[in-house]
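All remarks here apply to the structure that follows.
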Amino acid sequence: MEDVNRNMPDAKIQTFYADEIILREGEIYYEMYKIIHGSVAVYLRYGEKEEHLIGIYSKSKCFGELHVLSELPSIYTVVAYDEVLLMRITKDSLEEFIRNNPKNAIDIMQNMAHTNTLMQKNIGLLLDDIYEKQDVNHRRTEELKKKIMQYSFTGANYLG
């Protein structure tokens, strides 16, 4: 922790405890974090029936970089896996954060690439699910049309 403070004297160090939510999906944040000690769990749809664990990040990994760079709502929820010590980096301190340790830029890019890959896989799975449901609905619609037509002709023949 002393190295962190020496390299970035304005850095804010925060502690979160197991199961404590650090970032919540859908909310807007203006900071990112670097893990100094401990681990975090990253989820999509945290606490919902469709909850999906993206991964566990530990020491030296960054998360939340999309917030600092885009100011868009969080695409995932981050929960302390155990007691975790984090360095909070704001947009104003991002340049200094990277300048003090250029490897931080590589970590940020790797996280963004990883997140992008996961999102592409999830989009593919969602599309597969949509197409499958459309096929099922199409088959049901065709079966229903046949039954209606069958009864329509039967009724017409009976009346006529």
Side-chain angles (χ1 to χ4, degrees), residues 1-140:
M1 188 165 100
E2 291 175 21
D3 291 336
V4 171
N5 288 333
R6 189 171 350 117
N7 290 340
M8 287 190 63
D10 294 332
K12 183 172 181 181
I13 305 300
Q14 293 179 274
T15 300
F16 291 86
Y17 300 96
D19 300 324
E20 194 173 349
I21 295 175
I22 301 164
L23 301 175
R24 189 179 303 273
E25 185 175 348
E27 294 186 9
I28 297 175
Y29 297 90
Y30 299 99
E31 64 269 340
M32 61 174 279
Y33 295 92
K34 180 171 183 170
I35 302 170
I36 306 303
H37 177 76
S39 302
V40 299
V42 183
Y43 294 92
L44 291 176
R45 298 181 176 169
Y46 180 73
E48 297 178 22
K49 182 181 174 185
E50 304 86 14
E51 178 179 288
H52 179 72
L53 176 65
I54 294 175
I56 306 288
Y57 297 170
S58 57
K59 186 177 180 178
S60 299
K61 290 296 178 191
C62 297
F63 62 90
E65 62 281 344
L66 292 174
H67 311 133
V68 172
L69 299 171
S70 70
E71 297 181 5
L72 293 173
S74 180
I75 59 172
Y76 45 64
T77 296
V78 179
V79 180
Y81 187 74
D82 49 19
E83 184 175 324
V84 64
L85 186 65
L86 303 174
M87 178 194 308
R88 180 177 174 264
I89 299 106
T90 63
K91 190 172 192 169
D92 293 337
S93 63
L94 182 60
E95 188 177 328
E96 181 184 0
F97 174 69
I98 292 170
R99 187 175 40 248
N100 286 338
N101 184 354
K103 186 176 177 332
N104 288 327
I106 301 297
D107 290 341
I108 290 169
M109 289 187 285
Q110 286 175 333
N111 283 348
M112 291 177 71
H114 176 72
T115 299
N116 186 36
T117 301
L118 286 172
M119 291 302 137
Q120 287 176 333
K121 286 180 183 178
N122 284 332
I123 289 169
L125 291 171
L126 286 171
L127 287 172
D128 289 347
D129 193 38
I130 288 169
Y131 292 140
E132 181 181 315
K133 286 181 179 167
Q134 284 178 340
D135 287 346
V136 168
N137 287 337
H138 181 71
R139 282 192 304 260
R140 287 182 182 159

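- For the residue pair T77 and I21, the shortest heavy atom distance occurs at CG2-CG2, 4.1 Å.
- Looking at residues two or more places apart in sequence or on another chain, you find no ring pair (Phe, Tyr, Trp, His ring centres under 6.0 Å) involving Y81.
- Put simply, the side chain of M32 reaches to within 4.5 Å of the side chain of I108, judged on heavy atoms.
- For the residue pair V84 and V40, the shortest heavy atom distance occurs at CG2-CG1, 4.0 Å.
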Only pairs under 3.5 Å count here: list side-chain donor-acceptor contacts from residues 50-72, not counting sequence neighbours, and write none if there are none.
residue : atom : partner : partner atom : Å
E51     : OE1  : G47     : N            : 2.7
H67     : ND1  : G64     : O            : 3.1
H67     : NE2  : S74     : OG           : 3.3
S70     : OG   : L66     : O            : 2.5
S70     : OG   : L72     : N            : 3.2
E71     : OE2  : K91     : NZ           : 3.3

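- Atoms CG and CD1, from L86 and I35 in turn, are 6.5 Å apart once rounded to the nearest 0.5 Å.
- Nearest heavy atom pair, residue F97 against residue N104, reads O-ND2, 3.0 Å.
- Remark: L23 CG to I28 CD1 distance equals 12.5 Å, nearest 0.5 Å.
- Sequence neighbours left out, the pairs with a member in residues 100-128 that pass salt bridge (charged side-chain N to carboxylate O under 4.0 Å, His left out) are K103-D107.
- With sequence neighbours excluded, no residue forms a salt bridge (charged side-chain N to carboxylate O under 4.0 Å, His left out) with R45.
- In this structure, Y33 and V78 have side chains that are not in contact, with every pair of non-hydrogen atoms separated by 4.5 Å or more.
- The neighbour count for H37 NE2, taken as heavy atoms of other residues, nucleotides or ligands under 6.0 Å away, does not exceed 12.
- For residues 20-36, the pairs satisfying salt bridge (charged side-chain N to carboxylate O under 4.0 Å, His left out) are R24-E27, E31-R88, with sequence neighbours left out.
- Contact record, I89 with S93: CG2-OG, 3.5 Å, taken as the closest heavy-atom pair.
- Between the CG atom of N100 and the CD atom of E95 there is a distance of 10.5 Å, given to the nearest 0.5 Å.
- Going from atom CD1 of I98 over to atom CD of E96 covers 11.0 Å, rounded to the nearest 0.5 Å.
- Residues passing the ring pair (Phe, Tyr, Trp, His ring centres under 6.0 Å) test with F16: none are found, sequence neighbours excluded.
- Every residue two or more places apart in sequence or in another chain was checked for a side chain to side chain donor-acceptor pair (under 3.5 Å) with S39, and none qualifies.
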